[in-house]
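Everything on this sheet refers to the single structure shown next.
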Amino acid sequence: MHRGVGPIFLLGRNMAASGAEPQILVQYLVLRKDLSQTPFSWPAGALVAQACHAATAALHIHRDHPHTVAYLRELGRMRKVVLEAPDETTLKLLAETLQQKNIDHMLWLEQPENIATCIALRPYPKEEVNQYLKKFRLFK
C-alpha cells in the first residue's frame, strides 16, 4: 500500500464505524469498446491509458468542485465505474447529452488523430447521473 493512503483510509474506516458515513461519490468512465476490436485492435494497455487520461483530466478540470475535493480527500474510498460505449458516434452522443444536462465531464480526444476515446465524469453521487448512463454496461 502506498504510504500516503494509510491514514486517509483509516479515517474513512473510522467515519464508517461511527455511523457518520460520508456521501458515496463515484467517478464514471465510458470507454469505447470498438477500439479493442478489429480494425483498431488497440492493446489493453492503450485502452487503460485512455481511461486514465480522461479520469485525470476530469479530476483536474473540476478539482475545486466540492464533490471532487471530497473524492480526493479519501483516497481509500475512491470508486470508479468503467462502462463501455460501442463506438465513437455513441460516445459523442453521450457527450452532447451530458453537455445539455450540465453534467460535468471530459471527452478525451487522443492526439494527433483527434479520436474520441473515453468520457470521464467528475465524481458524482450515483443517483445524480445514473439515468444518463444506465444503457451502458460494464466494460469487458
Side-chain angles (χ1 to χ4, degrees):
M1 182 187 310
H2 186 275
R3 283 186 293 160
V5 174
I8 295 169
F9 180 70
L10 293 175
L11 174 64
R13 287 180 52 206
N14 290 340
M15 290 175 69
S18 70
E21 185 70 28
Q23 185 175 34
I24 296 173
L25 298 169
V26 179
Q27 185 177 29
Y28 286 95
L29 297 107
V30 184
L31 183 60
R32 280 181 53 191
K33 179 66 175 176
D34 65 326
L35 293 175
S36 67
Q37 303 162 340
T38 21
F40 302 105
S41 301
W42 287 20
L47 291 175
V48 170
Q50 297 304 303
C52 290
H53 291 325
T56 303
L59 290 171
H60 178 72
I61 290 167
H62 302 288
R63 66 188 170 275
D64 295 327
H65 191 282
H67 287 156
T68 304
V69 171
Y71 183 81
L72 294 173
R73 188 177 313 127
E74 296 189 48
L75 297 177
R77 296 180 53 86
M78 292 171 71
R79 294 185 181 183
K80 286 185 174 43
V81 175
V82 182
L83 305 170
E84 63 182 39
D87 53 36
E88 187 173 26
T89 301
T90 305
L91 195 68
K92 286 183 172 181
L93 287 172
L94 174 60
E96 288 177 21
T97 299
L98 295 173
Q99 183 72 34
Q100 291 168 359
K101 301 298 181 180
N102 295 315
I103 303 297
D104 295 332
H105 67 284
M106 174 67 184
L107 173 62
W108 187 257
L109 300 174
E110 180 61 8
Q111 298 300 326
E113 301 88 355
N114 210 36
I115 298 172
T117 60
C118 186
I119 290 176
L121 279 64
R122 71 159 168 81
Y124 272 95
K126 184 166 80 169
E127 308 78 39
E128 286 186 32
V129 294
N130 62 358
Q131 64 184 315
Y132 307 111
L133 303 169
K134 62 185 172 187
K135 75 175 186 176
F136 299 98
R137 61 183 192 194
L138 290 174
F139 191 92
K140 291 183 185 179

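In this text, all values refer to a predicted model and were calculated from it rather than measured experimentally.
- Linking Ile, Leu, Val, Met, Phe, Trp and Tyr whenever their side-chain heavy atoms come within less than 4.5 Å leaves W42 and L83 in two separate clusters.
- Under the 4.5 Å side-chain heavy-atom criterion for grouping Ile, Leu, Val, Met, Phe, Trp and Tyr, V30 is not connected to F40 through any hydrophobic cluster.
- Taking the side chain to side chain donor-acceptor pair (under 3.5 Å) definition, one finds that K80 meets it with Q27, Y71, sequence neighbours left out.
- Looking at residues two or more places apart in sequence or on another chain, you find a side chain to side chain contact (heavy atoms under 4.5 Å, CB included) between A116 and E88, L91, K92, L107, L109.
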When the side chains of residues 127-140 are checked against the rest of the protein, which donor-acceptor pairs come out under 3.5 Å, sequence neighbours left out?
unit_1 : atom_1 : unit_2 : atom_2 : d
R137   : NE     : E84    : OE2    : 2.8
R137   : NH2    : E84    : OE2    : 2.9

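- Of all the heavy atoms in C118 and L31, the pair that sits closest is CB-CD1, 3.9 Å.
- T89 OG1 to R32 CZ: the interatomic distance, rounded to the nearest 0.5 Å, is 8.0 Å.
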Side-chain atoms of residues 96-104: list all donor-acceptor pairs with protein atoms under 3.5 Å, sequence neighbours left out, distances to 0.1 Å.
unit_1 : atom_1 : unit_2 : atom_2 : d
T97    : OG1    : L93    : O      : 3.1
D104   : OD2    : R122   : NE     : 2.8

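- Shown here are the ring-ring contact (aromatic ring centres under 6.0 Å, His included) partners of H62, two or more places apart in sequence or in another chain: there are none.
- Atom CG in L94 sits 12.5 Å away from atom OH in Y28 (nearest 0.5 Å).
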List the atom pairs, donor and acceptor, that lie under 3.5 Å between side-chain atoms in residues 46-60 and the rest of the protein, sequence neighbours left out.
unit_1 : atom_1 : unit_2 : atom_2 : d
Q50    : OE1    : W108   : NE1    : 3.4
Q50    : OE1    : T117   : OG1    : 2.8
Q50    : NE2    : E110   : OE1    : 3.1
T56    : OG1    : C52    : O      : 2.8
H60    : ND1    : R63    : NH1    : 3.4
H60    : NE2    : R63    : NH1    : 3.2

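- L25 is listed as a side-chain neighbour of P125, based on a closest heavy-atom distance under 4.5 Å.
- Taking each heavy atom of L121 and I119 in turn, the nearest pair found is CD1-CG2, 3.9 Å.
- Atom CG of L29 sits about 12.0 Å away from atom CE of M106, to the nearest 0.5 Å.
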